[in-house]
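Computed from a prediction, not measured in an experiment: that's the story for all the values here.
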Amino acid sequence: MYDGTSRPMLSTPAHRRRPLRAAAAAVAVSAVLLTAGCGSPQDTAQDAKATAPSVEGFPVTIDNCGVRTTYDEPPARVVTIHQHPAELMLSLGLRDRMVGTAFPDSAVIPELKKDYASIPELAKREPSFETVLEAEPDLVYGGYGSAFAENEGRTRKAFADAGIDTHLNREYCGEKRVTMKDTYDEVRTIGAIFGVPDRADELVADLRARVDKAATAVKGEPQVPVFVYDSGDKAAFTAGGKSLGTELIRLAGGTNVFADLDDVFGDVSWEQVVERKPEVIAIYDYAGAGSVERKKEFLLAQPALKDVPAIRKKRFVVLPLTATLVGVRSAYAVEDLARGIHPESFR
């Protein structure tokens, strides 16, 4: 699983995986709390806020990964770190609030390309703390836990000390299984923060409709065993039972052959892959892990895999990594998977 740090092509070093697990164990499950009142002023700045005209629907208090933030008004200058938070905000019509993006993972959703391209790109990877400060944001919205990496000086506390609020995608807030409900909840949380709950409800309804349409198309079809190949050569790094990918596969009429892996992601042996006889291989595509073609060539060249049904028939489905995360793309991924798993249902 990509978490924002560099990854050698077709390999899965342990240091790439541990930050997510450590972060997941260290923080609480995220939840949304909307409150109608505000606390007692603690200093002159708070006194000033208390006397300022109120914004309809505010203040709003959000509990996010162990950090509680009260918004007296919608954020006006936002930096998103990683692509999926940016696409979520754009899908909510919040382009005018965005002053910087960073770390694009893959091609942007076609309907969002123009708006995305108009936002200043602060860095190809995570920007430095100083670079973010130069954009003068009032909120930093991170996609992966590495958005707020302590070893790079971008902790949420550091931003708070600079007077900047932060929000982290709920996927990195705890160890619970990630589902489509997390996507819908994340959309609604961002809608609450920016005072656009109606837009959030409309977006959730659209995403649900996309999922339902694809799921209905394959309803009644036999479940096809699917192996997720993220990366790895000596071992396969794959999606486990707690990953959103497992639910996307289920909704698309398949079953993750490693759904019994009690984690979001983990290593499995190639012998295990052979034993489970997947009929389709879902390849996760993202920068830094080798091209899709290179991944296919690697899999097809392994003598041990030659009798795996998916390898024999060259049945691959390619998903951008951003489509397997808590964000708007996950709903699109269900149809892409369904078409790859049950092509006959879409003819």
Side-chain angles (χ1 to χ4, degrees), residues 1-2 83-84 87-88 91 105-111 171 177-184 186 204 206-231 236-261 264-266 268 273 276-286 289 291-293 295-296 299 308-347:
M1 169 64 178
Y2 182 70
Q83 186 173 332
H84 47 302
E87 290 186 335
L88 195 160
S91 296
D105 278 324
S106 54
V108 179
I109 297 174
E111 55 265 38
E171 187 165 354
R177 181 171 177 265
V178 185
T179 69
M180 282 301 297
K181 182 178 183 299
D182 291 295
T183 288
Y184 305 143
E186 183 76 2
V204 167
D206 177 70
L207 298 178
R208 284 187 184 277
R210 287 179 180 274
V211 172
D212 291 345
K213 183 178 180 181
T216 299
V218 298
K219 187 175 181 181
E221 295 291 342
Q223 289 192 326
V224 174
V226 179
F227 163 57
V228 172
Y229 180 56
D230 178 293
S231 57
F237 194 51
T238 191
K242 291 184 176 180
S243 70
L244 181 57
T246 292
E247 176 158 308
L248 300 181
I249 291 169
R250 178 186 63 79
L251 290 167
T255 180
N256 180 2
V257 295
F258 288 104
D260 59 339
L261 180 63
V264 176
F265 276 81
V268 296
V273 175
R276 301 194 182 198
K277 301 177 181 178
E279 295 179 21
V280 173
I281 296 177
I283 296 178
Y284 285 2
D285 180 26
Y286 57 96
S291 70
V292 169
E293 287 310 310
K295 287 183 178 182
K296 287 182 181 179
L299 293 170
V308 170
I311 295 294
R312 252 193 351 259
K313 298 178 182 179
K314 298 183 180 179
R315 291 190 66 189
F316 299 103
V317 180
V318 178
L319 293 178
L321 180 71
T322 45
T324 70
L325 304 170
V326 170
V328 294
R329 283 197 185 216
S330 52
Y332 293 69
V334 176
E335 180 179 350
D336 291 339
L337 278 166
R339 286 181 178 276
I341 296 171
H342 294 288
E344 67 284 353
S345 297
F346 295 87
R347 289 174 185 157

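Atoms OG and CG, on Ser231 and Leu321 in that order, are 10.0 Å from each other to the nearest 0.5 Å. The line from CD1 of Ile109 to OH of Tyr332 is 4.5 Å long, rounded to the nearest 0.5 Å. If you take OG on Ser106 and NE2 on His84, they are separated by 10.5 Å, rounding to the nearest 0.5 Å. Glu279 contributes atom CD, which lies 11.0 Å from atom OG1 of Thr255 (distance to the nearest 0.5 angstrom). Note that OG1 of Thr322 and CD of Gln83 are 5.0 Å apart. Values are rounded to the nearest 0.5 Å. To the nearest 0.5 Å, the span separating OG on Ser345 from CZ on Arg339 amounts to 10.0 Å.
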Determine whether Ile281 and Ile311 satisfy the following criterion, side chain to side chain contact (heavy atoms under 4.5 Å, CB included), listing intermediate values before the conclusion. CA-CA 8 Å; Ile281 296 177; Ile311 295 294; 3.7 Å; yes
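For the pair Val218 and Ala338, the tightest heavy-atom approach, listed with the atom from each and the gap, is CG1-CB, 3.9 Å. For the residue pair Gly241 and Arg177, the shortest heavy atom distance occurs at O-NE, 3.1 Å. Listed here is the closest heavy atom pair of Tyr284 and Gly245: OH-CA, 3.6 Å. The two residues Ala239 and Ser243 have their closest heavy-atom pair at CB-OG, 3.4 Å. Taking all atoms of both residues into account, the shortest heavy-atom contact from Ala252 to Leu337 is CB-CB, 3.5 Å. Gly327 and Thr183 make their closest contact through O-CG2, 3.4 Å (heavy atoms, listed as atom of the first residue, atom of the second, distance).
Side chain of Arg315 to main chain of Ile341: a donor-acceptor pair is present (N/O by atom type, distance under 3.5 Å, no hydrogens or angles). The main-chain N or O of Ser291 is never found under 3.5 Å from a side-chain atom of Lys296 such that the two would form a donor-acceptor pair. Remark: the backbone N or O of Gln223 is not paired with any side-chain donor or acceptor of His342 at under 3.5 angstrom. For Ser91 (side chain) and Glu87 (main-chain N/O), a donor-acceptor pair under 3.5 Å exists by modelled atom type.
When side chains are defined from C-beta on, Thr246 does not count as touching Val178, because their heavy atoms never get closer than 4.5 Å. Side-chain atoms of Asn256 and Val226, non-hydrogen and from C-beta on, never get closer than 4.5 Å to each other. Contact check for Ile283 versus Asp285: no side-chain heavy atoms found under the 4.5 Å cut-off. Proximity of Glu171 to Glu186: side-chain heavy atoms (C-beta onward) are nowhere separated by under 4.5 Å. Looking at heavy atoms from C-beta onward, Met180 lies in side-chain contact with Leu248 at the 4.5 angstrom threshold. Considering only heavy atoms from C-beta on, Tyr184 comes within 4.5 Å of Leu207 through its side chain. Taking 4.5 Å as the limit, every side-chain heavy atom of Leu299 sits out of range of all side-chain heavy atoms of Val308. For the pair Thr324/Tyr286, no side-chain contact is recorded, criterion being any heavy-atom separation below 4.5 Å from C-beta on.
For the pair Arg276 and Phe227, the cation-pi test (distance below 6.0 Å, angle within 45°) is failed.
Between Asp105 and Arg329, no side-chain nitrogen of the basic residue sits less than 4.0 Å from a carboxylate oxygen of the acidic one, so the salt-bridge criterion is not met.
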